[in-house]
Structure formats: C-alpha cells, structure tokens
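To keep things clear, I will list the structure first and then write my remarks on it.
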Amino acid sequence: LKVFLKDTFLYAIGVFSIRLINFILMPFLTRKMSPAEYGIITLVLTTAPIVLYVLTLQVSQAIPKYCANNPDADNKKTYISTGFWYVILSYLIFYAIASFFPYFGEAILGIANQPLLFHLALINICLFGLFTYLETQLRWDKKVVEYTIVSVVMTLSSIVLIIGFFFFDRNLLEGYFIGSAVGQSIGCIMAYYFGRDNYHFLISKKMLLQMLKFTFPLTIAAVGSYVFANLNQWLIRFFCDFNALGVYGVASRFSSVISLILGCISLGITPMIYADHQKKEMPLFISFLFRACLLFALWCAAIFTVFNQEILTIVVGKEFYVAGVYIPLILLSYALSGLFMFTPGQWIANKTKELAVINIAAGTINLFIATLFIKLFSLQGAVISAFIASVFQLGLNIFFSNKHYPINFRLINVVLAFVLFFIFYFTQPNIMTLVLFMLLSILLLITKQDIFTFFLKSSEKTPIQDYS
C-alpha cells in the first residue's frame, strides 16, 4: 500500500495540473461567457482526444513494449523518433484537410463563418496531440521530476495567458484558444528539451507498422471507451443547443474530477498489477481498492446532492446554476467508467481484443439509449443514459475479467450501497441523512478484514489467504 500511494502521488501532481486547467478557469469563464460559448469550448476539448486516438492510433503506447527492456540504444531511439515524426505528419495532414472543409468547423465544432476561430480550434487540437506524445515519453523514461515540471509550467502559463488574452481580445473564444495554444506550445518545447536525446531524424516503416499493429486493438478499445464517455455531449449538440451543452459541460467538468483521481490511482496500481498479479494477495488488494474508490465516489455524489447550489454559487456564474442537479449522477457515471482499471483479466491474459468488443458494445448501448432519452428528456435524459451505460460497461468488464483473473468484488454489498444511495437521493436529502448514508455505506463496502489487512498490518494474526 505504501509503494502504491508513493507512486500515485508522484504522478498525481503532473496529471492534476494539466487536467484541471479548465476546472480552475471555470469560475472565470462561466462569469465571462454565455452557456453557448462555453459549449463550443466543451466540444473542442471533447474532440481533441478522439482525433488523437484516430490519427495516431496511440502509437506512444507501444514505446514501453519495444523499448523498456531493449538493450540497443540506437534501436530505442529509432522507435521513439519514428513515433514522433508519425504524430507530426498525421496532424499536418489532418490540419491541411480540415482547413479545406469548413463544414467540419460548423457541423462538428459548431463554429460557423469565423475562420480565425476555426483555425485556432484546429491548432489547439493538433498541439494537444503533439504535447501528449512528448509528455508521455517523459513518463516512459521515468523522468518524474521533468514530467511534473512540464505539466505545472504548461498549466500555469495556459491559465495566465488565457486570462490575459481575455482582456486584449473582444472575442472571448479567440482569446481562450490563443492563450491555450501558446501555453501548449510552451509545454511542447519544454517536453522536447527534457527528452531531446530521444528525438532524431530517424524513421523506420517496419518499426512503425510493428507499433501500430500492437496499438490498433488498444485504440479501438480507447475510442470505444472515450466515445462511450463523451457521446452525450455530441448528441446534446445535435438534438438540443449549445446553451444546453454549456450547462452539461459545467456539470461534466465538476464530475471529471473523480476521473482525474481514478486516473492517478491507475498510474500507480497498473504497474503493480502487471508485476505482482501472481501473488495471492493482489486480488484482495484490488477488491479493497475497488470498493474504497466506489465509496469515495458515492460520498462525493451524496455531498453534491445536498450542497450543489452552495458550491456552484461560489464556482460558476448564475447562468450555470442549473448544472447542479445533474452533477451527482454524472459523477457516478464517470466513476463507474473509471473503475475498469480494477478488472485486469484481459490485460493479464493478453485479451486486448476482448476489451475492444466490450467498449464497442457499451458504446452501442449508450448510443441507442442516449439518442432516445435525449430526444425525450433533453439534459436529464443524457444524465440517465450515461449512468445506465456505465453500469452496463462495468458489469461486462467484471464478468469477462473474472474469467481470466477471478476477484471477489463483493458485488452484493456494492448493489446494496447503490440502493442506499438512491433512497437517499430521492428522499429530500439533508445533512442528517447525508451523515447516515455515509456511515451505512462504509459499513457495507469496507470490512473488518480490509482494516486488519491493509491498515493495521495484522496479516500475521489474520492470514490473507483466509480472507473471504
């Protein structure tokens, strides 16, 4: 547990600093912008990762496989340089093609008859992909300090520049995208500098095809998972309007904090699972972390249920207060989607294609449910469909993962905890019922054996193998 917490903390600073840029800016943006303008930012931020997945096929994920234990330094440089130039070429082609089709800006990004704004949005999407590759390589090189420095500097410079450009550009959206682009450029330059020994004018077609063959199934899974998580935002854009998308964007931004926390935990737990999955204690540890993270998510959702208006009054402008009613269920949807890291069976058994099938199935279910519900119930339909689909996705992940790597997640207790939450959620929640819910939920999800095994270190008195 100590090793896990240490590794998670080291990565958390860098991950949080980057991912929280727009959360930190939210009090400023929502008081300066209309929901429709904020909706356009939401859509661009949502589009950038999907473009990254489709264009680059996540080539950076192949680097540790072919370089981690590679004794040939020149060979490693060729792999990394090949991936680097492939990413640059992919985005140059994307920018050139998108520039000749203004329909992309209008239909996908909602930017019509504003060529400067459209090109600024495209530049941000391209810089996001390049920065992601360069920063990820710092992580593969285990340059934790440099990784954190780049993340923090990029975050601070982006925030300062975005706020600064707001005062010099009458078009708030243009000011936002200019500041963001300059901030990301600074991050790219720093990340390249710290990893400059890796990058040379070396390109190997054979190595590129080898890497893309490895990452292709992972990309399908990532695209399915990402579309599954963000599909509702595009459907709201087409079936509602940008005002609704802006409100949903604020609710999602609040809720995404839970995804950031789970992402940091994933950075710490995933290497441990790979290294120690054969140890009999590991399934017990995974089960405990699964339930602890779920408990934390339920508590956050419950707190937002009671105090959402008080919190939003401090953080956002008046036009966005309505987002508060949607936050609890969106937060739980994000949490359930993020808990897939505790279902490692497919990774361990090298069944990555199975992951792709699961994510595609969940995405398909979400597409049908979300389309129907959003048409019928607008934003509320989007929230309900996202929650249903996330439950379905996690259920599939647990079912198939346990075929390869059995873990006792205590699912009966998990279901009872959710039943308890919805009783609390629908029965005029207040501070007293909140405290009662928190006490009962911890009794359901954290057991005495968990406390003895992972906190009191009494494994000598209570052997782990007897834990059930």
Side-chain angles (χ1 to χ4, degrees), residues 228-229 232 248 250-263 265 286-312 322-343 362 365-366 369-370 373 377 379-399 407-448 450-451:
F228 162 79
N232 289 357
Y248 190 86
V250 166
S252 297
R253 199 71 61 214
F254 266 101
S255 305
S256 65
V257 174
I258 195 73
S259 296
L260 298 181
I261 294 171
L262 292 177
I265 293 173
I286 294 172
S287 174
F288 163 68
L289 280 181
F290 172 87
R291 287 176 282 111
C293 289
L294 181 60
L295 177 67
F296 177 73
L298 286 169
W299 281 10
C300 289
I303 291 169
F304 265 109
T305 301
V306 176
F307 298 109
N308 65 78
Q309 289 305 306
E310 289 82 357
I311 295 172
L312 289 178
V322 67
V325 299
Y326 307 118
I327 290 174
L329 287 186
I330 296 177
L331 187 151
L332 287 178
S333 300
Y334 280 17
L336 291 172
S337 297
L339 291 176
F340 80 93
M341 63 178 160
F342 298 116
T343 57
I365 293 295
N366 190 28
I369 296 176
F373 279 29
F377 308 113
L379 281 182
Q380 191 64 45
V383 174
I384 295 171
S385 65
F387 180 77
I388 294 173
S390 63
V391 171
F392 179 74
Q393 182 193 40
L394 181 61
L396 285 179
N397 277 317
I398 290 175
F399 178 78
I407 298 173
N408 178 12
F409 289 105
R410 299 180 178 272
L411 293 180
I412 294 177
N413 293 47
V414 169
V415 171
L416 290 176
F418 271 101
V419 170
L420 188 64
F421 171 80
F422 282 111
I423 292 173
F424 160 80
Y425 183 76
F426 289 112
T427 54
Q428 296 182 336
N430 53 55
I431 296 177
M432 291 298 294
T433 56
L434 172 64
V435 173
L436 180 61
F437 165 74
M438 294 176 78
L439 290 174
L440 292 176
S441 60
I442 196 171
L443 290 175
L444 280 171
L445 295 175
I446 306 299
T447 66
K448 289 182 179 179
D450 292 327
I451 297 172

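Taking the ring-ring contact (aromatic ring centres under 6.0 Å, His included) definition, one finds that F422 meets it with F387, sequence neighbours left out. Listed by chain and residue number, F424, P429, N430 satisfy the side-chain contact (heavy atoms from CB on, under 4.5 Å) test with T433 (two or more places apart in sequence, or in another chain). Residues passing the ring-ring contact (aromatic ring centres under 6.0 Å, His included) test with F304 are F254, sequence neighbours excluded.
Side-chain atoms of L262 and Y334, non-hydrogen and from C-beta on, never get closer than 4.5 Å to each other. Residues Y248 and V383 form a side-chain contact, since some pair of their non-hydrogen atoms from C-beta on lies under 4.5 Å apart. Using a 4.5 Å heavy-atom threshold, the side chains of F290 and I407 count as separate. Using a 4.5 Å heavy-atom cutoff, the side chains of F342 and C293 are in contact.
A distance of 6.0 Å separates CG in L312 from CD in Q309, rounded to the nearest 0.5 Å. Atoms CD1 and CD1, from I258 and I261 in turn, are 4.5 Å apart once rounded to the nearest 0.5 Å. For the atom pair L295 CG and S441 OG, the distance stands at 5.0 Å (nearest 0.5 Å). F409 contributes atom CZ, which lies 5.0 Å from atom CD1 of I398 (distance to the nearest 0.5 angstrom). Considering CZ of F437 and OG1 of T427, their distance stands at 11.0 Å, rounded to 0.5 Å. Distance CG/L294 to CZ/F418: 4.5 Å, rounded to 0.5 Å.
Between the side chain of S385 and the main chain of I369, no donor-acceptor pair closer than 3.5 Å is present. Without hydrogens or angle criteria, N397 side chain to F340 main chain gives no donor-acceptor distance under 3.5 Å.
By the neighbour-count criterion of 12 heavy atoms within 6.0 Å, atom CD1 of I412 is sparsely surrounded, having that number or fewer from other residues, nucleotides or ligands. For F296, the CZ atom is loosely surrounded, since the number of other residues' heavy atoms within 6.0 Å does not exceed 12. By the neighbour-count criterion of 12 heavy atoms within 6.0 Å, atom CG of L411 is densely surrounded, having more than that number from other residues, nucleotides or ligands. The neighbour count for Q428 CD, taken as heavy atoms of other residues, nucleotides or ligands under 6.0 Å away, does not exceed 12.
Across A323 and V250, no two heavy atoms sit closer than the pair CB-CG1, 4.0 Å. Of all non-hydrogen atoms in A302 and L434, the two that sit nearest each other are CB-CD1, 3.5 Å. Taking every heavy atom of both residues into account, A301 and L331 meet most closely at N-CD2, 4.1 Å. Smallest separation of non-hydrogen atoms from A370 and N232: CB-OD1, 3.2 Å. For T305 against P328, the heavy-atom pair with the smallest separation is OG1-CG, 3.4 Å. Closest heavy-atom contact between V322 and V325: O-CG2, 3.3 Å.
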Requested in this report: Evaluate side chain to side chain contact (heavy atoms under 4.5 Å, CB included) for L298 paired with L445, printing each intermediate quantity in order.
Outcome: CA-CA 11 Å; L298 286 169; L445 295 175; 4.1 Å; yes
Requested in this report: Using the side chain to side chain contact (heavy atoms under 4.5 Å, CB included) rule, take F373 and Q380 through it: C-alpha gap first, then chi angles, then the decisive distance, then the call.
Outcome: CA-CA 8 Å; F373 279 29; Q380 191 64 45; over 6 Å; no
Requested in this report: Given side chain to side chain contact (heavy atoms under 4.5 Å, CB included), test Q393 with L336 step by step and report yes or no.
Outcome: CA-CA 8 Å; Q393 182 193 40; L336 291 172; over 6 Å; no
Report task. Could you walk me through whether L394 and S337 pass the side chain to side chain contact (heavy atoms under 4.5 Å, CB included) test, one step at a time? Result -> CA-CA 7 Å; L394 181 61; S337 297; over 6 Å; no
